Asker: 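Here you go, one structure.
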Protein chains: 2
Amino acid sequence: MPKSSELKATIYDVAELAGVSLKTVSRVINKEPNVRGSTRDKVHKAIEQLQYQPSPSARGLAGSKSFLIALLYSNPSSSYVTRAQQGALEACGAEGFGLLIQPCDYQSPDRVGELLHRLKESRVDGAILTPPLSDNPQLQQRLADENIACVCVAPRTGEQGGLSVCCDDERAAQQITEHLLAQGHSRIGHILGHPDHSVSQQRLRGYERALLAQGFEVDRSLIQQGRFDFVSGKQCAEELLDLSQPPTAIFASSDDMACGALVAAHERGLKLPGQLSVVGFDDSPQAAQCWPALSTVRQPISEMVSSAARLLIGELRKQPPDDIQSTFQCQLHLRDSVSPPE
Amino acid sequence: MPKSSELKATIYDVAELAGVSLKTVSRVINKEPNVRGSTRDKVHKAIEQLQYQPSPSARGLAGSKSFLIALLYSNPSSSYVTRAQQGALEACGAEGFGLLIQPCDYQSPDRVGELLHRLKESRVDGAILTPPLSDNPQLQQRLADENIACVCVAPRTGEQGGLSVCCDDERAAQQITEHLLAQGHSRIGHILGHPDHSVSQQRLRGYERALLAQGFEVDRSLIQQGRFDFVSGKQCAEELLDLSQPPTAIFASSDDMACGALVAAHERGLKLPGQLSVVGFDDSPQAAQCWPALSTVRQPISEMVSSAARLLIGELRKQPPDDIQSTFQCQLHLRDSVSPPE
DNA sequence: TTGTATGCGTTATCAT
DNA sequence: ATGATAACGCATACAA
C-alpha cells in the first residue's frame, strides 16, 4: 500500500538517482534539446521510479509564469459553457496547464476592472475569450496592457489581428434557411439574437442570403428582435403569429428562443410541425428533448475552444503558430420540427 | 494611464514603504495576531498604495500550500454543473482561493488513479465531491491517503464522518408526491433515477412515504428503473402508459426523464396535463421551457456547494468548523404540468 | 552535451 | 510586538 507519507521527491532527488546534474533533469522535463538520448532515458527512469512531479509553485516562482490560463465567458447557456470548458480542459490537460474558469458580466464596464483584478491576482499567463466577450475590444486592450496573452473564440469577421478561432455561423444560418426553403416554405420568420452579440448579425446575414439567392425578398416584418433567451423567443414568436399573414416557418437564432416559439405555437393549438415549422441554433440539450424535437445547428464548441487553448499555449511557449486563425464548420442536426407547410 | 509596465511590487517594497520588516507585512497579510493596530494600518496603506498582490507561486512554495481546491463532478447535467461551479467560485473568490474544475467518469475505477494523478499534479489542497462521486467511499479513502482534504455534497444519509453538506431530497420527493395526491391522483407512477446514485433511493423513499401516509399501497408495477436521462425517461414512461391500468400522474426523479415522459405522452396524443400529469426534479432550464412547463423541485445547489467550499477552506485553515454538517432545503416550483385527473 | 551559481517572493524558525 | 535569516523547488544565466 503506497501511503504517500514520504516527502515529495524533488528535482534534486531525481538528479541524484539518475547520476546527473539538476540542470540536466530540468532540460529533459522541459524538453529542451542538447541532451543525449541515453541520459534522457536515465532521467526518465528516475522520474518514473520516484513518481516525481514538478512543483507548479516552484516553476512559477522561478520562471515567473503560472502555467495557468483563464476561460472567460458571459453566456447564460450552461450547455455552451460546459462544452467550452470541456475543450479547454482537454487542451490544458494535454499541455500541462491549469485552467481557471471566469464567468463575468459583459455588460457592466465597471466590472471589467474587477475582472482584471482577479486575473492579475491569480497571475494567469493568458486568457480565452468566448462570445460575446470576444466582441469587446476594450477588454482585449486591457488584457494587452496587463501583459496577458489572449485568444478569441469568435464569429468570423475577417479583420482580426490577434489569435482567434472562428465558426462560420453565416454559412450555417444560410444552410438551415435553405432547408426550410427546400421544404416549400417561403414566408420564413427570423428571430434575432441579442443585439450586442455579433453572431446575431452573422446569422441574420445567412438568413437573408438564403432568401435572396432563391429570389425572395427580405420582409422586415418577419424579423423580430430577440435576446437569445426563451422568454424573448416566445414573445417574438407571438408577434409573428399575430401577423395578418403569419410565417409558416421560423428560424430562431438560438434553441432557447426556438423553444419559446414552440411553446407559443402549442398554446395557440397549432399543429407542429404541420402548421408551423421551427428551427433553432446551438443544438442545446433541450433541442432534443422538446416536442417536436428541434432541427438546429451545432457548432463544434469544444473543438473550437480546445484549438483556441492550444493556440494560446503555443504563443505562451513562443512557438510560431501554424495558423494565427482557424475556421470551424457548423453542422446541421435535422430532427422533427420541420415539414412542408400544410 | 497606469500602464503596468513597472515591475510587480513585492513584500519587500511594502515593508520598506511601511517602514517595517518583511515578516510584519507577512503577518498582516495572513491576519496573524500580535501586530499593533497602528502598524497594521501603516502596512495596509502601503499595500494599497503599491497595489501589492502576493504571489501565489511564492506563497505556495514557501508554505507548501497551493490555495487551490478542486471541484469534482461526474454529472451529465450541464445546468447542475454550472450551478455548482457558481457556488464554488463565489466561496473561493471571497476566501482567496483558486478553483480547479475536474470532470470525471465515476464509473471507471481505473480512472480514479488517473484522477488522483491530476489532483496531485496540480497540488490542490482540497476537493469538493458532488454526487454521485460523494457516494464513492473508495475515492474518499484515496484522497485521504494522499492527504487531500475533502468535503461531500451529498444526500442526507445521516452516518457520515467527514465534512458534508446535505439536501433533504426525501422530504422534497414526499412533498411533490403529496402535491399530486392533493390534486386527486391515486395511481402515480415513479421513474427511478440511476441505480448507482444514492439520491435515487432517497427520492423513492419520499414517494413511498407520501403514498403510505395517505393510506395508499405502493404498487411496484408503477415503478420503473430509469437512469436520469431523457431517453430512459421516455422509455420508462412508455412502459407505464402501456399498462392496462396506466397511471394518471408520473413523478420522475429528474427533469430530463420528466421531459421524456412528456414527449412519450405527446406522441400518443394525450392531452397534457389533463390525461397525464408529470412532475420532475432538479428545476433544470428545460423544466421551464417544455410544454407544459414542468412542476419540479429545486435544490439550492449553488448555496450548498458554496457552503461546502467554505467548510473545506475552514478546515484547511484549521479553523474549528461551526457545524461539521449542514442541511439545506429544497423548494417546490409549481408550473403547468399538473392538474386533476380527467 | 553537461554542470554551477544565483535568485524568484514568500513562509517558517528562531531570535530579540 | 517585531525582525533577521534560512528554507521552499525550480529556471536561468553563464561556464566548462
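Reminder, nothing fancy here: chain letters follow the sequence lines and each chain counts from 1. The model shown is predicted, which means the values in this text are computed figures rather than measured ones.
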Asker: Would you say A:Ser64 places a side-chain N or O within less than 4.0 Å of OP1 or OP2 belonging to D:dA11?
Answerer: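 No, outside the criterion.
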
Asker: Mind listing the side-chain donor-acceptor pairs of residues 55-64 of chain A below 3.5 Å, one per line with the distance, residues two or more places apart or on another chain?
Answerer:
residue: A:Ser55; atom: OG; partner: A:Ser57; partner atom: N; Å: 3.3
residue: A:Ser55; atom: OG; partner: A:Ala58; partner atom: N; Å: 3.0
residue: A:Arg59; atom: NH1; partner: A:Asn30; partner atom: OD1; Å: 3.2

Asker: Using the side-chain hydrogen bond (donor to acceptor under 3.5 Å, both in side chains) definition, which of the options A:Gln319, A:Glu90, A:Glu315 pairs with A:Arg310?
Answerer: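 Passing option: A:Glu90.
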
Asker: Any side-chain heavy atom of A:Leu143 within less than 4.5 Å of one from A:Leu129?
Answerer: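 With C-beta onward as the side chain, the pair touches.
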
Asker: Any side-chain N or O of B:Thr24 below 4.0 angstrom from OP1/OP2 of D:dG3?
Answerer: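 B:Thr24 to D:dG3 OP1/OP2: side-chain N or O found under 4.0 Å.
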
Asker: Using a cut-off of 4.0 Å on non-hydrogen atoms, how would the nucleic acid contact of A:Thr39 be classed: base, sugar-phosphate, or nothing?
Answerer: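 If one applies the 4.0 Å heavy-atom cut-off, A:Thr39 turns out to touch the sugar-phosphate alone, with no base involved.
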
Asker: Ignoring hydrogens and geometry, is there a side-chain-to-backbone donor-acceptor pair from B:Asn136 to B:Leu133 under 3.5 Å?
Answerer: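 Such a contact is absent between B:Asn136 side chain and B:Leu133 backbone.
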
Asker: In the 5'-to-3' direction, what one-character label does each nucleotide of nucleotides 10-16 of chain C receive under the scheme B = base within less than 4.0 Å of a protein heavy atom, S = sugar-phosphate only, - = no such atom?
Answerer: BBBB---

Asker: In this structure, are over 12 heavy atoms from other groups packed under 6.0 Å from A:Glu95 atom CD?
Answerer: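 Yes, the 6.0 Å shell around CD holds more than 12 heavy atoms from other groups.
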
